[in-house]
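Following: one structure in C-alpha cells, then a few remarks.
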Amino acid sequence: MPRILVAAGIYHVLFAVWVVCWPNIYFDWIGCDRPNHPMLWRGLGFLSGAFGVGFLIAARKPIRHWPLVLIGFIKFNLVIITLAVGLFEGPLPREIIGLVLLDDLIWWFPFAAILWASAQAHAGRPPSGAPPLTLEEAGERYKLSSGETLGEAASQRTLVLVFLRHFGCTFTRKILRELEDLKREADRHDARLVLVHMLAPGDESEYIDERREIARIADPMCELYRSFGLGKGGFLELFGPRVWIPLIAALVKGCGVGHLAGDGLQLPGAFLLRDGKIIRGQRARTQADLPDLPGLFKGLQDGPGTESVPA
C-alpha cells in the first residue's frame, strides 16, 4: 500500500510541475488548439500537485490516513464519470482518453483495494484464509508505541501483554480504570505492562488519557490477537449468563458503555512474553474475563507453557 501511494504521489506532483511550467506543450503535441485561459489548465495542475502531496502523506500510514485516499478515489471517479458522459455525447480525441486513463483509471483499482483494506482493518477482520503470524514473525513486525519491536522489548524484559476488547466495552473501560494497579503488579515482578488494542496507531490516546506512559501496540487487523490464539466470541461468550453478573457489577461501579471502537466480537486475554516465548497465558472464555496478573505470575511456579483463565 505505501508503495502505491508513493508512486501516485510522485506522479501527481510531476504532472503538476509539467502542467504549471509548460501549460501548452500537451495541446501542441496532440494537435489541439491551445486553451484560451491557460490559468485554468494551470489550476488543474496545482490541484493535481495538492493530491500528490496528500498521497505522499497517506503513504506513511495508509490505514490511518484513509480519508486522504478516499478524497483521491472520489476525484478519480468524478473524472471517469465525466469522460463517460463526454463519450456518450460524442467522440473524443484518443489523446484525451489516454490522458484520463493514465491520470485516473490506472489508480482506481489500487486505491479501491487500499480503502477496502482500511475498512477491514477498522472492522478488525483479518485477511480471509490467512494463517496467523508466528510469534517470531509477530515480534519482528509489531512495534511498541515507544519505538522498539515486540521481539526487542521481550528480549530485554518480561512483557505483560494485555489484549483489550474494543474501547467502548464496559470491561475494557474497567481495565483502563485499574491500569495503575496492573502496572504496579507488573513492576513488582520486574515486568513491563503493554496494552494491545485494535485502533490505528495513536487513535487510542483519547482513551488512555494521562496513562500514556504505558506502552501500547496497535493491531487494527487483529493479527497479533490471532498469533496469541485469541479468537472471536459467539453469542454465549459475549452475552451469555456468565457475562451478566460481572457486567452489572462493572456498570454499578460506573464503568458505563461507550461507542464501538474496535472489533466488537474480539475476545481479550493476557500473557507473559519473554524471549519470543509465551511463558504464561490467560485466554478469555467470555468478554467478562479480566486479566488476573497475580494469578498470571503465580502460575510461573507451575512451569512455562501453562495457561489459566480467570474465573
Side-chain angles (χ1 to χ4, degrees), residues 1 57-58 60-69 117-126 133 138-139 141-154 157 159-187 191-228 230 232-233 238 250 254-271 273 282 284 287-291 293:
M1 289 189 292
I57 294 173
R60 298 180 59 191
K61 295 180 179 178
I63 299 298
R64 183 175 184 180
H65 297 303
W66 66 266
L68 293 174
V69 181
S118 300
Q120 294 291 90
H122 284 86
R125 297 182 185 133
L133 300 174
R141 181 172 302 184
Y142 283 91
K143 287 188 176 183
L144 279 66
S145 56
S146 50
E148 68 268 46
T149 65
L150 177 60
E152 291 170 345
R157 192 176 177 188
L159 301 183
V160 182
L161 295 176
V162 175
F163 288 78
L164 302 173
R165 276 178 44 75
H166 69 91
F167 280 106
C169 172
T170 300
F171 299 106
T172 298
R173 294 160 71 97
K174 188 174 188 297
I175 290 174
L176 295 180
R177 278 191 169 196
E178 300 172 353
L179 269 185
E180 293 301 324
D181 294 336
L182 294 177
K183 188 175 185 303
R184 278 194 295 269
E185 184 66 21
D187 292 342
R192 184 182 184 186
L193 179 64
V194 179
L195 301 178
V196 184
H197 62 87
M198 294 176 278
L199 298 183
D203 288 355
E204 81 285 357
S205 298
E206 63 179 290
Y207 303 97
I208 302 298
D209 297 328
E210 70 278 0
R211 297 159 294 226
R212 297 182 186 181
E213 76 281 357
I214 296 176
R216 288 96 58 199
I217 297 177
D219 184 25
M221 292 294 286
C222 295
E223 290 291 351
L224 191 58
Y225 284 78
R226 296 177 69 218
S227 295
F228 281 75
L230 297 174
K232 312 296 182 180
L238 299 175
C255 295
V257 180
H259 65 279
L260 187 66
D263 183 1
L265 302 180
Q266 182 63 56
L267 292 175
F271 300 86
L273 183 71
Q282 296 172 342
Q287 67 159 317
D289 292 334
L290 301 178
L293 263 57

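Values below: all heavy atoms of this structure, side chains included; hydrogens, waters and symmetry mates excluded.
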Exercise. First locate atom CG of Leu238, then atom SG of Cys169, and finally report the distance between them rounded to the nearest 0.5 Å.
Key: 9.0 Å
Quiz item: If you look at every heavy atom in Ala138 and Ser227, which pair is closest and at what distance?
Solution: CB-OG, 4.2 Å
Self-check item: Test item: Thr172 side-chain N/O and Phe167 main-chain N/O as donor-acceptor pair under 3.5 Å
Solution: no
Quiz prompt | With Glu148 via side chain to side chain donor-acceptor pair (under 3.5 Å) - residues at least two apart | solution = Ser146, Arg192
Quiz item: Ala284 and Leu267: which non-hydrogen atoms are nearest, and at how many Å?
Solution: O-CD1, 4.0 Å
Quiz item: What is the distance from atom CG of Leu290 to atom CD of Glu178, rounded to the nearest 0.5 Å?
Solution: 7.0 Å
Exercise. To the nearest 0.5 angstrom, please state how far the CG atom of Leu164 sits from the CG atom of Leu199.
Key: 9.5 Å
Quiz prompt | Nearest heavy atoms of Arg173 and Gly168, plus distance in Å | solution = CD-O, 3.7 Å
Quiz item: Can you list the steps and then say if Val194 with Val162 is a side-chain contact (heavy atoms from CB on, under 4.5 Å)?
Solution: CA-CA 6 Å; Val194 179; Val162 175; over 6 Å; no
Practice problem: Grab the two heavy atoms, one from Leu150 and one from Leu144, that are nearest each other, plus how far apart they are. | Solution: CA-CD1, 3.8 Å
Quiz item: SG of Cys255 to CZ of Arg177: how many Å apart, nearest 0.5 Å?
Solution: 4.5 Å
Self-check item: Gap between atom CG of Leu176 and atom CG of Leu182 - 0.5 Å precision
Solution: 9.5 Å
Self-check item: Donor-acceptor under 3.5 Å (Ser145 side chain, Ala215 main chain)
Solution: no
Quiz item: Under the salt bridge (charged side-chain N to carboxylate O under 4.0 Å, His left out) criterion, do Glu180 and Lys183 qualify, and how do the steps go?
Solution: CA-CA 5 Å; Glu180 293 301 324; Lys183 188 175 185 303; over 6 Å; no
Quiz item: Between Leu273 and Val160, is a side-chain contact (heavy atoms from CB on, under 4.5 Å) present by the stated rule, with each step listed?
Solution: CA-CA 7 Å; Leu273 183 71; Val160 182; over 6 Å; no
Quiz item: When rounded to the nearest 0.5 angstrom, what distance separates CZ in Arg60 from CG in Leu68?
Solution: 12.0 Å
Self-check item: Non-neighbouring partners of Phe163 that pass ring-ring contact (aromatic ring centres under 6.0 Å, His included), sequence neighbours left out
Solution: Tyr225, Phe228, Phe271
Quiz item: Which residues satisfy the side chain to side chain donor-acceptor pair (under 3.5 Å) test with Arg184, sequence neighbours excluded?
Solution: Asp181
Self-check item: Criterion side-chain contact (heavy atoms from CB on, under 4.5 Å) on Arg141 and Leu133, from CA distance to verdict
Solution: CA-CA 9 Å; Arg141 181 172 302 184; Leu133 300 174; 3.6 Å; yes
Exercise. Please check if atom CZ in Arg157 has more than 12 non-hydrogen atoms from other residues, nucleotides or ligands closer than 6.0 Å.
Key: yes
Quiz item: Which atoms form the tightest heavy-atom contact between Ile214 and Leu193, and what is the distance?
Solution: CG2-O, 3.8 Å
Quiz item: What heavy-atom pair brings Ala58 and Val69 nearest, and what distance separates the two atoms?
Solution: CB-CG2, 4.2 Å
Quiz item: What residue among His197, Gln287, Gln266 forms side-chain hydrogen bond (donor to acceptor under 3.5 Å, both in side chains) with Arg165?
Solution: Gln287
